[in-house]
Amino acid sequence: MVNAAAADEERLLVLGATGNVGRHVIARLVFLAGAGRTSQRVRILAATRQPGAYSCDPPPEGCPAVVEPVACGASAGEVAACVAAARPTRIFLCMPQALSADEMRAYSEAVVDAAVACGVAWLVRLSSCGIDRAPSQGPLGDAHLAGEEYCRKAGMGLTSVRPTSFHTNFEKYDVGSIAAESVFRSPLGLTAKVNWVHCRDIGYVVAALLASPISPEALAARFEVVEVTGPASSTLSAGEMAAMLSEELGRPVRYEEVPAPPFPEYEALWTFLKAGGFDHSSDAVARLTGEEPLGMREVVRALRAELQPST
């Protein structure tokens, strides 16, 4: 089936529009359209479970972008129906975080099948840095690789966006214990290093990829990998993170090592991280967006109030 979208309108479907990355993708696409950095009118289709409750900052007057919420659930069937109804020209796929490895495969395959059926030629897909390097990330990393292989075998062009550790992991897992006890805990150990990337920067890279022509090299290969990281200064061991937190917060903050959760998916992931799987930084953010990536010090400073002990 040939995509029936208007020839002068780019229809960009953002799956996961209200998530940590998706909301930045949409905001940046609106900015790029308003700045004249898109080639034509843009309809941004924001996929969400509750389209009636969706809201975002409206595009400024004269901006050639429209943001339209569309219904999309967390199952393979629901996402396939969303893609079919949206009739996009390009898709950004960010899968729901709670999916198991098997559910990730089913969800990704459903997107690809529906996209191929309505004539979509290219998919931008959020994956994970280092999924094709040893040691394996385990079932979750394998599910990403299988999803990419399925896409390529289906004949779709693919950009695999592979970030390091989201800064929101720090917000979710560490801020509470630092505020309450001046301690943070993980299975990482003292010596392994992890690069932290801000979700804003991932979103900005994705928006740049969606708004720009596909590079000749990617077109020739029908595939490209973009590793998105924070700056080199955000590649930190637990000891370095504790020292930085202590300096920024003006009180001692310490690290405690704890066992990995007793599930194969997480045991494998922490083995990967302890082996230096995210000990890596790239220039992708600056190269593709023209802006320097946010660092972990900036994240900590933005969260300073939440990191203080309650009184």
Side-chain angles (χ1 to χ4, degrees), residues 3 5 10-33 37-40 42-47 65 67 70 72 79 82-83 86-96 104 107-116 118-129 131-132 143-164 166 197 199-229 282 284-285 287-289:
N3 194 303
E10 185 86 14
R11 295 174 63 87
L12 304 176
L13 176 60
V14 178
L15 295 169
T18 59
N20 292 326
V21 174
R23 60 191 179 90
H24 291 293
V25 174
I26 290 173
R28 187 65 170 182
L29 284 171
V30 170
F31 168 81
L32 293 174
R37 291 164 65 181
T38 56
S39 59
Q40 55 192 345
V42 178
R43 183 169 296 272
I44 304 163
L45 304 159
V67 180
V70 295
C72 185
V79 75
C82 172
V83 172
R87 298 178 294 109
T89 51
R90 274 198 255 184
I91 299 172
F92 169 56
L93 170 57
C94 179
M95 287 185 286
M104 286 171 63
Y107 195 92
S108 185
E109 290 175 10
V111 170
V112 170
D113 289 344
V116 169
C118 63
V120 180
W122 204 274
L123 176 70
V124 178
R125 187 184 188 281
L126 192 66
S127 182
S128 180
C129 188
I131 55 170
D132 53 356
H144 276 305
L145 284 172
E148 292 185 3
E149 181 65 17
Y150 188 88
C151 180
R152 298 181 71 185
K153 285 184 176 179
M156 283 192 72
L158 173 66
T159 299
S160 177
V161 177
R162 299 181 181 179
T164 48
F166 290 12
V197 61
C199 290
R200 184 208 75 169
D201 292 325
I202 305 170
Y204 281 18
V205 166
V206 169
L209 292 166
L210 289 171
S212 305
I214 300 160
S215 72
E217 296 81 10
L219 278 172
R222 304 289 295 164
F223 179 64
E224 66 177 334
V225 172
V226 180
E227 294 188 336
V228 185
T229 77
S282 77
V285 175
R287 176 168 48 84
L288 293 172
T289 73

To the nearest 0.5 Å, atom CZ of Arg200 lies from atom NE2 of His24 at 8.5 Å
Test log, rule side chain to side chain contact (heavy atoms under 4.5 Å, CB included), inputs Met156 and Cys151 = CA-CA 6 Å; Met156 283 192 72; Cys151 180; 3.6 Å; yes
CG of Leu288 to CG of Asp201, rounded to nearest 0.5 Å, is 11.5 Å
Contacts of Thr18 meeting side chain to side chain donor-acceptor pair (under 3.5 Å) (sequence neighbours excluded), chain-then-number -> none
Ser108 meets the side chain to side chain contact (heavy atoms under 4.5 Å, CB included) criterion, sequence neighbours left out, with Leu93, Met95, Arg125
Residues passing the side chain to side chain donor-acceptor pair (under 3.5 Å) test with Arg222, sequence neighbours excluded, are none
On a heavy-atom basis, the closest approach of Leu126 and Cys94 is CD2-SG, 3.6 Å
Closest non-hydrogen contact found for Pro163 with Ile202 is CB-CD1, 3.7 Å
Of all heavy-atom pairs linking Leu145 and Ile131, the shortest is CD1-O, 3.2 Å
Those residues at least two apart in sequence (or on a different chain) that pass side chain to side chain contact (heavy atoms under 4.5 Å, CB included) with Ala46 are Ala17, Ile26, Tyr54, Val67
With sequence neighbours left out, the residues meeting side chain to side chain contact (heavy atoms under 4.5 Å, CB included) with Ala154 are Val112, Val116
Test item: Val161 and Phe92 side chains (from C-beta on) under 4.5 Å apart, heavy atoms: no
Residues at least two apart in sequence or cross-chain that pass salt bridge (Lys or Arg N to Asp or Glu O under 4.0 Å) with Arg90, listed by chain then number, are Glu10
Per side chain to side chain contact (heavy atoms under 4.5 Å, CB included), Val120 is matched among Leu13, Ile91, Val111 by Ile91
Residues passing the salt bridge (Lys or Arg N to Asp or Glu O under 4.0 Å) test with Glu109, sequence neighbours excluded, are none
Would a distance-only check, ignoring hydrogens and angles, find a side-chain to backbone donor-acceptor pair under 3.5 Å from Ser282 to Glu227? yes
Residue set satisfying side chain to side chain contact (heavy atoms under 4.5 Å, CB included) with Ala143, at least two apart, ordered chain then number -> Ala101, Met104, Arg105
Applied to residues 19-31, the salt bridge (Lys or Arg N to Asp or Glu O under 4.0 Å) test, sequence neighbours excluded, yields Arg28-Glu291
To the nearest 0.5 Å, atom CD of Glu149 lies from atom CZ of Phe223 at 9.0 Å
The complete set of side chain to side chain donor-acceptor pair (under 3.5 Å) pairs with one or both residues in residues 150-164, sequence neighbours excluded, reads Asp113-Tyr150, Trp122-Thr159, Asp132-Arg162, Glu148-Ser160, Glu148-Arg162, Thr159-Glu224, Ser160-Arg162, Thr164-Asn195
Could you pull out all donor-acceptor pairs under 3.5 Å where a side-chain atom in residues 205-219 meets a protein atom, sequence neighbours excluded?
| from | atom 1 | to | atom 2 | distance (Å) |
| --- | --- | --- | --- | --- |
| Ser212 | OG | Ala208 | O | 2.7 |
| Ser215 | OG | Ala218 | N | 3.1 |

Correct closest heavy-atom pair for Val70 and Cys82 would be CG2-SG, 4.0 Å
In terms of heavy-atom contacts, Val83 and Pro88 come closest through O-CD, 3.4 Å
